[in-house]
Amino acid sequence: MNLLFILNKPPYSSDIGKESLDMALAHATFDDTVSLLFTGQGVWQLKTDQFAKLAGLKEFTRLYTGLDLYDIDQLFVSENALDTEQLTRDQLMVEASVLNDEAISRLINQQDRVFCL
Amino acid sequence: MTDDISQTNLPAHIKVDKEGYLLNADNWSEELAPVIAANENIELTSDHWEVVHYVRRFYEAYNTSPSIRPLVKYLAKELGADKGNSLYLYKLFPKGPAKQATKIAGLPKPKRCI
């Protein structure tokens, strides 16, 4: 099955980013084709230099750089969200495909299931 | 396994959970590894050490303990297919390479791990 997880919330304001990632990893274990889409404030999940430890938090987002080891190779970022949040590609910790809104619609339509926690 | 056995031969200030994983990964040192390994009936060879060090590198890079699949892929990438395969790893760590290697490396038990 083709599964898409949409991450649209910042990394540390709630557990939702971490929970979404856990869920995506679990699905990838079962040989589903898993893609992640970062949109809205969710683009901050991919920001380099988070220094979460300074706030006493576990920097779970570092795992985004190792997702190929978990058979998740498809990472997408909303172009619109990057503009809105004033982030550039080189501020992201991974190489993700940047998609405009039209391409995002196509991506969503290709999926069997779409999750957004 | 009871608490007493998982704590066997470890210094009193090194606390472990009921399965023998260190409660605080920062308490790990190379001297502890053979002691934890002995509780798993493993005598550490240089092959074991290599895996233990790579498991710790994995943890430092990604902030999570590897389960078996990512561990195999990671070792294959770093050391080649001879060592990045589950048969090789199971020979070293018969009761589950990810579980035993992370325990000996002082890291938390991997999630989603059989």
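All chains are named by letter (A, B, ...) in the order of the sequence lines, taking the proteins before the strands, and each is independently numbered beginning at 1.
The hydrophobic cluster containing Leu63(A) also contains Tyr54(B), counting ILVMFWY residues as joined when their side-chain heavy atoms lie under 4.5 angstrom apart, directly or transitively. Put simply, Ile104(A) and Val98(A) are part of two different groups of oily side chains (I, L, V, M, F, W, Y) that touch within less than 4.5 Å, one to the next. By the criterion of side-chain heavy atoms lying less than 4.5 angstrom apart, applied directly or through intervening Ile, Leu, Val, Met, Phe, Trp or Tyr residues, Met93(A) is not grouped with Phe76(A); the two fall into different hydrophobic clusters. The cluster map of Ile, Leu, Val, Met, Phe, Trp and Tyr, joined by side-chain heavy atoms under 4.5 Å apart, puts Leu7(A) and Ile108(A) in different clusters. Both Leu10(B) and Leu44(B) belong to a single network of hydrophobic side chains, linked directly or stepwise wherever heavy atoms of I, L, V, M, F, W or Y lie under 4.5 Å apart.
Inspection of non-hydrogen atoms places Lys73(B), Tyr74(B), Lys77(B) of residues 72-85 of chain B under 4.5 Å from chain A.
A distance-only check finds no donor-acceptor pair linking the side chain of Arg62(A) to the backbone of Tyr59(B) [under 3.5 Å].
Remark: Asn2(A) pairs with no residue by the side-chain hydrogen bond (donor to acceptor under 3.5 Å, both in side chains) rule, at least two apart or across chains. With sequence neighbours left out, the side-chain hydrogen bond (donor to acceptor under 3.5 Å, both in side chains) criterion links Glu85(A) to Trp44(A).
For the atom pair CG of Leu21(A) and OG1 of Thr64(B), the computed distance is 8.5 Å after rounding to the nearest 0.5 Å. To the nearest 0.5 Å, atom OG1 of residue Thr29(A) and atom CD1 of residue Ile68(B) are 12.5 Å apart. Separating the OH atom in Tyr62(B) from the CG atom in Leu69(A) is a distance of 5.0 Å, to the nearest 0.5 Å.
Contacts between Ala28(A) and chain B at a heavy-atom distance below 4.5 Å involve the backbone alone (N, CA, C, O).
For Lys111(B) against Asp22(A), the heavy-atom pair with the smallest separation is NZ-OD2, 3.2 Å. Contact detail for Tyr70(A) and Ser67(B): the closest heavy-atom pair is CE2-OG, 4.3 Å.
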Only distances under 3.5 Å count here; give the side-chain donor-acceptor pairs of residues 21-31 of chain B to other protein atoms, sequence neighbours excluded, each with its distance to 0.1 Å.
residue: Tyr21(B); atom: OH; partner: Lys99(B); partner atom: O; Å: 3.1
residue: Asn24(B); atom: OD1; partner: Asp26(B); partner atom: N; Å: 2.9
residue: Trp28(B); atom: NE1; partner: Ile104(B); partner atom: O; Å: 2.7
residue: Ser29(B); atom: OG; partner: Glu31(B); partner atom: OE1; Å: 3.3
residue: Glu30(B); atom: OE2; partner: His53(B); partner atom: NE2; Å: 3.3

